Participant: 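Starting off with a structure, shown below.
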Amino acid sequence: MKSKLFAISLFAMATASCNSPEKKVETVLEVTSFNIKTTVSELEFNELDAEIEKTFTSKQPGFIRRQSGVDEQGRYVVLVYWKSLDDAEASMNKFMSDESVANYAGMIDGSTMKMSRFTTTDEFTAANSTFTEVMTFELKEGANVEAFNAVNDRVGPEFSEKQTGFLQRITGFNEAGEQVAVAYWDTKAHSDAVINDLWE
């Protein structure tokens, strides 16, 4: 199983409209990770990141919410929820050519940038989260997807939801066979405590 885990402290978050809890609606979670260039000021980049969210990303059709943060290795992770795959694709295409985001894009080390999109039916509810774990992975070749999904669906109610500080777990998948699991916590300390217990 190939996997990538990002643990990020969120420093920007947009509010969004809510869907009815009775009806599960498919949305798209876009996960982008990258390093900024070594010559770039982190403070300047963070300020510009918040500005880009306000003036560009949140203005795009189909936008639901955006969150961004940095992990302990200094790698940036941006999570954007969209109403559809077409909306996500249109926004990225515009981003690559829009002069208003040229300075921001120029601060990113393009060789380190990775992006995946996932379909999810989980509606974001963890508005008070300040720390997030993001894991993307592929199942082993020949794995029973339905069996995995059944187990994956139980992780929240049978484990995560019983942990102090846990707020929400969002999962999704894409046509390339990748899976994503996003765990929202109230604080990094509560997330660390669970991880430490698992490894003891």
Side-chain angles (χ1 to χ4, degrees), residues 1 3-34 46 49-50 52-54 57-58 62-84 87-88 114-138 148-174 178-199:
M1 177 188 297
S3 64
K4 184 68 175 180
L5 172 66
F6 301 104
I8 60 176
S9 296
L10 299 176
F11 52 73
M13 182 180 297
T15 57
S17 58
C18 296
N19 296 317
S20 170
E22 289 81 17
K23 181 180 180 182
K24 288 193 173 183
V25 177
E26 280 193 356
T27 57
V28 172
L29 169 56
E30 183 178 78
V31 180
T32 305
S33 63
F34 54 84
N46 293 348
D49 180 82
I52 290 300
E53 175 177 325
K54 180 179 179 181
T57 311
S58 65
F63 172 81
I64 299 176
R65 75 171 55 246
R66 179 182 186 273
Q67 301 162 296
S68 59
V70 61
D71 67 16
E72 293 178 345
Q73 287 72 47
R75 187 168 180 82
Y76 283 80
V77 183
V78 180
L79 310 179
V80 187
Y81 291 86
W82 299 97
K83 290 183 179 179
S84 73
D87 290 330
K114 297 180 180 179
M115 188 269 290
S116 296
R117 297 187 180 115
F118 305 89
T119 298
T120 181
T121 56
D122 297 326
E123 179 187 353
F124 178 86
T125 60
N128 296 326
S129 174
T130 65
F131 189 75
T132 306
E133 297 167 351
V134 184
M135 177 179 284
T136 61
F137 56 93
E138 297 176 8
F148 170 81
N149 290 339
V151 174
N152 197 30
D153 289 343
R154 296 200 303 268
V155 171
E158 295 184 7
F159 176 76
S160 300
E161 293 173 15
K162 297 179 180 180
Q163 308 307 312
T164 301
F166 173 80
L167 298 176
Q168 184 181 13
R169 184 171 185 266
I170 288 178
T171 61
F173 64 93
N174 62 26
E178 289 181 288
Q179 303 272 341
V180 66
V182 183
Y184 290 96
W185 297 84
D186 61 351
T187 65
K188 180 179 185 296
H190 282 143
S191 170
D192 287 346
V194 173
I195 292 176
N196 291 337
D197 286 345
L198 288 174
W199 289 102

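Keep in mind the model is a prediction, meaning the values are calculated, not measured.
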Participant: State the CH2-OG distance between W185 and S129, to the nearest 0.5 angstrom.
Facilitator: 10.0 Å
Participant: Keeping the roles fixed (side chain from E53, backbone from D49), state whether a donor-acceptor pair exists under 3.5 Å.
Facilitator: no
Participant: State plainly whether the residues R75 and D71 are in salt-bridge range, i.e. N to O under 4.0 Å.
Facilitator: no
Participant: Please state whether the rings of Y81 and F124 are parallel, tilted or perpendicular, taking 30° and 60° as the class boundaries.
Facilitator: tilted
Participant: Where do F63 and V80 land on the side-chain contact (heavy atoms from CB on, under 4.5 Å) test, with the steps shown first?
Facilitator: CA-CA 8 Å; F63 172 81; V80 187; 4.1 Å; yes
Participant: Under 3.5 Å, is there a donor-acceptor pair between the side chain of T119 and the main chain of N174?
Facilitator: no
Participant: Are there over 12 heavy-atom neighbours, none belonging to F173, within less than 6.0 Å of that residue's CZ?
Facilitator: no
Participant: Checking side-chain contact (heavy atoms from CB on, under 4.5 Å) for the pair L79/L29: CA distance, chi angles, key distance, verdict?
Facilitator: CA-CA 7 Å; L79 310 179; L29 169 56; 4.1 Å; yes
Participant: Show the nearest heavy-atom pair for residues K54 and S58, with the distance to one decimal.
Facilitator: O-OG, 3.0 Å
Participant: Can you measure from CD (Q163) to CD1 (I195) and round to the nearest 0.5 angstrom?
Facilitator: 11.0 Å
Participant: Measuring only between side-chain heavy atoms, which start at C-beta, is F159 closer than 4.5 Å to V194?
Facilitator: yes
Participant: Return the minimal non-hydrogen interatomic distance between G62 and D87, and the atom names on each side.
Facilitator: CA-OD2, 3.2 Å
Participant: Please give me the minimum heavy-atom distance between F166 and A183, naming the atom from each residue.
Facilitator: CE1-CB, 4.4 Å
Participant: Between T120 (side chain) and T171 (backbone), is there a donor-acceptor pair under 3.5 Å?
Facilitator: yes
Participant: Roughly how far, to the nearest 0.5 Å, is the OG1 atom of T125 from the OH atom of Y184?
Facilitator: 9.5 Å
Participant: In terms of side-chain heavy atoms, does E178 have a donor or acceptor partner in T136 at a distance below 3.5 Å?
Facilitator: no
Participant: CD1/I64 to NZ/K83 distance, rounded to the nearest 0.5 angstrom?
Facilitator: 7.0 Å
Participant: Check whether more than 12 heavy atoms from other residues, nucleotides or ligands sit under 6.0 Å from atom CD of E26, and answer yes or no.
Facilitator: no
Participant: Compare all side-chain heavy atoms of R66 with those of V78 and state whether any distance is below 4.5 angstrom.
Facilitator: yes
Participant: If you round to the nearest 0.5 Å, how far is OG1 of T27 from CH2 of W82?
Facilitator: 12.0 Å
Participant: I need the minimum non-hydrogen distance between S84 and V28, along with the two atoms involved.
Facilitator: C-CG2, 3.6 Å
Participant: Distance check, rounded to the nearest 0.5 Å: M115 atom CE versus E30 atom CD?
Facilitator: 5.0 Å
Participant: Given Y76 and N46, is the side-chain contact (heavy atoms from CB on, under 4.5 Å) satisfied, shown in steps?
Facilitator: CA-CA 10 Å; Y76 283 80; N46 293 348; 3.0 Å; yes
Participant: Looking only at the side chains, is there a donor atom on one of T132 and Q67 sitting less than 3.5 Å from an acceptor on the other?
Facilitator: no
Participant: Testing the basics here: between Q168 and A126, what is the closest heavy-atom pair and its distance to 0.1 Å?
Facilitator: OE1-N, 3.2 Å
Participant: Give the minimum heavy-atom separation between A181 and R169, together with the two atoms involved.
Facilitator: CB-NH2, 3.9 Å
